[in-house]
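Quick notes on the structure that follows.
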Protein chains: 2
Amino acid sequence: MIVRDYNEAKNTERKVSAEGWDSVRLLLKGDNMGFSFHITTIHAGAELHLHYKNHFESVYCISGTGSIEDCTTGEKHEIRPGVMYALNLNDKHILRGETEMVMACCFNPPVTGKEVHREDGSYALVD
Amino acid sequence: MIVRDYNEAKNTERKVSAEGWDSVRLLLKGDNMGFSFHITTIHAGAELHLHYKNHFESVYCISGTGSIEDCTTGEKHEIRPGVMYALNLNDKHILRGETEMVMACCFNPPVTGKEVHREDGSYALVD
């Protein structure tokens with residue numbers, strides 16, 4: 001059994017930061033769960049252009065408000081606590097934080113912890 | 001892109017209930033994400049004996065307090081907001097709700113939505 005505390009992990013190298021967001025990776029590929037699990041904070045006012053070409057991701061809003069725009073269909077969806085979106089088509093999207101949003105995120109395949117967002121908004125696959 | 005709202009889904013057949021807990025399945029096997037994602041509420045005072053022999057599960061505490069006991073090692077871990085546990089060894093465990101606890105849960109392989117807890121605390125695999 002693995003037990004980890006977000007409030008401790010956020011002060012370690014499990015936390016990665018970039019412009020507009022930070023993410024604390026509570027489970028990574030090396031944990032052999034078959035998915036990774038992250039608590040990600042989107043900063044108020046952030047606009048993130050993302051496209052996980054190589055990963056499926058689900059995102060559940062714990063707190064805060066914002067929106068997600070599907071770049072393929074043009075549809076916008078409001079995000080508030082309780083809303084989940086899942087990028088089952090590796091959907092290219094724009095995530096906007098109205099207030100700071102705290103999100104519970106699952107990735108398949110699991111993130112190794114060494115990825116950074118590339119210019120095209122994706123994560124590379126890492127072995 | 002799939003978008004679902006816990007506050008709507010909890011009033012549909014996505015919600016399953018049993019003694020001491022209920023669970024709203026926001027992603028199931030049929031969504032083809034490779035994992036399932038559930039918001040599970042453990043009732044105050046509940047004591048659940050669980051053993052997912054066929055699934056890996058991670059559980060992140062959004063709200064509430066309680067504990068998890070590892071039946072193999074006898075160790076007890078406090079659960080409070082921000083604590084995550086992952087049953088990477090299909091660990092047999094006892095989950096206790098001190099107050100009502102709301103948990104974000106990921107299962108691999110994904111749950112189909114038709115499972116019920118069996119007497120031994122596990123979920124059967126369903127095809």
Item to complete: Report the option among B:T73, B:L27, B:V24 that has the most heavy-atom pairs separated by less than 4.5 Å from atoms of chain A.
Response: B:L27

Worksheet item: Given that the side chain runs from C-beta out, which part of A:D5 has a heavy atom under 4.5 Å from chain B: side chain, backbone, both or neither?
Response: both

Practice prompt. Hey, could you give me the CZ/OG distance between B:F35 and A:S36, rounded to the nearest 0.5 Å?
Written response: 9.0 Å

Fill in: Nearest non-hydrogen partners of B:P81 and A:N7, listed with the distance
O-ND2, 3.5 Å

Worksheet item: Side chain, backbone, both or neither: which part of A:E75 has an atom under 4.5 Å from a heavy atom of chain B?
Response: neither

Fill in: Non-hydrogen atoms of B:M33 and A:S58 that approach each other most closely
CE-N, 3.9 Å

Fill in: Check: A:M1 and B:I68 side chains under 4.5 Å, non-hydrogen atoms
yes

Worksheet item: So, for A:N88 and B:D31, which heavy atoms are closest and what is the spacing to 0.1 Å?
Response: CB-O, 4.2 Å

Worksheet item: Would you call the rings of A:Y6 and B:Y60 parallel, tilted or perpendicular if under 30° counts as parallel and over 60° as perpendicular?
Response: perpendicular

Practice prompt. Heavy-atom distances under 4.5 Å only: say whether A:I62 touches chain B with side chain, backbone, both or neither.
Written response: side chain

Response to the item:
Ranked by heavy-atom pairs below 4.5 Å to chain B, first place among A:V59, A:L87, A:I79 goes to A:L87

Worksheet item: Most heavy-atom pairs under 4.5 angstrom with chain A, which of B:I39, B:N32, B:L89?
Response: B:I39

Worksheet item: If you look at every heavy atom in A:N108 and B:G34, which pair is closest and at what distance?
Response: ND2-CA, 3.5 Å

